[in-house]
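Okay, so here's the structure we're looking at.
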Amino acid sequence: TTSAIYLGEDCLNLDLALEYSLKAVKEYEKLCEVNYLPNASNLAMAYLQLAIVYKALTNYTEAEKYTQKAIFIREKMADIEPDMFTPALVDSYTQLGNMYLSLKQYADAEKYLALAKDKIMVFLQKDKETYTPIISNICKSLVEVYCETDMIEKADAVYPYAAIHN
């Protein structure tokens with residue numbers, strides 16, 4: 001699904017993005033009623049796209065709600081096929097953690113960013129080239145959380161991962 005409608009180089013029509021994202025969610029919800037498993041991943045992606053639009057509209061309550069819906073589905077999918085679905089779950093955790101960070105809700109930010117870091121570390125050992133930038137970005141956000149909350153020892157512990165990909 002495409003949830004962003006671009007009008008020129010730097011202009012984003014969020015109203016159209018919201019309209020199309022809501023339509024995509026409704027369609028995937030209908031498909032999941034008929035046959036859940038093959039459509040669940042697409043529904044999670046549609047929820048996450050809708051959350052991105054709501055975040056851009058500064059409707060953080062709805063952004064959180066739809067990110068949580070995506071996480072719920074992706075956690076179930078990762079339980080079934082970890083190698084296939086854990087990176088998508090990490091993306092959802094990271095998105096929610098970074099939203100909390102931007103809202104200065106540091107405890108929630110730490111919770112989701114730490115979950116993302118812990119989940120992706122397994123993949124870092126398997127494929128450093130692919131997962132190094134991901135772990136680096138997650139850890140940069142964690143360092144910010146820890147610095148903002150005066151947890152310098154924790155910041156020092158994750159900083160080496162934040163610095164590995166610049």
(message) Tell me whether E33 is salt-bridged to K30, with the criterion being a basic N under 4.0 Å from an acidic carboxylate O.
(response) no
(message) Any heavy-atom pair between the side chains of K55 and T67 that's under 4.5 Å?
(response) no
(request) State, yes or no, whether a side-chain contact exists between I164 and I135 at a heavy-atom distance under 4.5 Å. (result) yes
(request) Mind checking the OH-OG spacing from Y60 to S102? Nearest 0.5 Å is all I need. (result) 5.5 Å
(request) Hey, could you give me the NZ/OH distance between K117 and Y161, rounded to the nearest 0.5 Å? (result) 7.0 Å
(request) Answer yes or no: is there a side-chain heavy-atom contact under 4.5 Å between L18 and L50? (result) yes
(request) Please step through side chain to side chain contact (heavy atoms under 4.5 Å, CB included) for the pair N42 and L31, ending with a clear verdict. (result) CA-CA 10 Å; N42 288 330; L31 289 170; over 6 Å; no
(message) Ignoring hydrogens, what is the shortest heavy-atom contact between G97 and L113? Give both atom names and the distance.
(response) CA-CG, 3.9 Å
(message) Tell me the closest heavy-atom pair linking A46 and Y28, and the distance in Å.
(response) CB-CD1, 3.9 Å
(request) Please work out which of the three classes, parallel, tilted or perpendicular, describes the rings of Y66 and Y54, given edges at 30° and 60°. (result) parallel
(message) Strictly below 4.0 Å, N to O, side chains only: are K23 and E27 in salt-bridge contact?
(response) no
(request) State whether F72 and K69 meet the cation-pi test: NZ (Lys) or CZ (Arg) under 6.0 Å from the six-membered ring centroid, and within 45° of the perpendicular axis. (result) no
(message) For residues L103 and Y93: do they belong to one hydrophobic cluster (side chain heavy atoms under 4.5 Å, members Ile, Leu, Val, Met, Phe, Trp, Tyr)?
(response) yes
(message) Testing the basics here: between Y100 and A109, what is the closest heavy-atom pair and its distance to 0.1 Å?
(response) CB-N, 3.5 Å
(message) With a 6.0 Å cut-off (strictly less than), is the heavy-atom count around NZ of K126, excluding the residue itself, greater than 12?
(response) yes
(request) Identify whether L89 and M84 are in the same connected component of the hydrophobic contact network (ILVMFWY, side-chain heavy atoms under 4.5 Å). (result) no
(request) Under the ring pair (Phe, Tyr, Trp, His ring centres under 6.0 Å) rule, collect the residues that match up with Y146, sequence neighbours excluded. (result) none
(request) Find the distance between CE (M99) and CD1 (I52) and round it off to the nearest 0.5 Å. (result) 11.5 Å
(request) Taking the side chain as every heavy atom from C-beta outward, state whether Y47 and S92 have any pair of such atoms under 4.5 Å apart. (result) no
(message) Ignoring hydrogens, what is the shortest heavy-atom contact between K128 and P133? Give both atom names and the distance.
(response) O-CD, 4.5 Å
(request) Indicate, with yes or no, if L96 and L43 share a hydrophobic cluster defined by side-chain heavy-atom contacts under 4.5 Å among Ile, Leu, Val, Met, Phe, Trp and Tyr. (result) no
(request) Decide yes or no on side chain to side chain contact (heavy atoms under 4.5 Å, CB included) for I73 and Y36, but give the supporting numbers first. (result) CA-CA 10 Å; I73 292 169; Y36 183 78; 3.5 Å; yes
(request) Could you pull out the closest heavy-atom pair between V145 and T149, with the gap in Å? (result) O-OG1, 2.8 Å
(message) If the condition is salt bridge (charged side-chain N to carboxylate O under 4.0 Å, His left out), which residues does D150 pass it with, not counting sequence neighbours?
(response) none
(message) If we ignore hydrogens and angles and just use 3.5 Å, is the side chain of S21 paired with the main-chain N or O of A17 as donor and acceptor?
(response) yes
(request) Say whether V158 and I134 are linked into one hydrophobic cluster, either directly or through other cluster members, by side-chain heavy-atom distances under 4.5 angstrom. (result) yes
(message) Minimum heavy-atom separation for I138 and A116, please, with both atom names.
(response) CD1-CB, 3.8 Å
(request) Rounded to the nearest 0.5 Å, what's the gap from NZ on K76 to CG on L37? Could you check? (result) 13.0 Å
(request) Any chance you could measure L101, atom CG, to T94, atom OG1, to the nearest 0.5 Å? (result) 11.5 Å
(request) Mark yes when over 12 heavy atoms from residues, nucleotides or ligands other than Y159 sit less than 6.0 Å from its OH; otherwise mark no. (result) no
(message) Quick check for you: to the nearest 0.5 Å, what is the distance between Y112 atom OH and I71 atom CD1?
(response) 5.5 Å
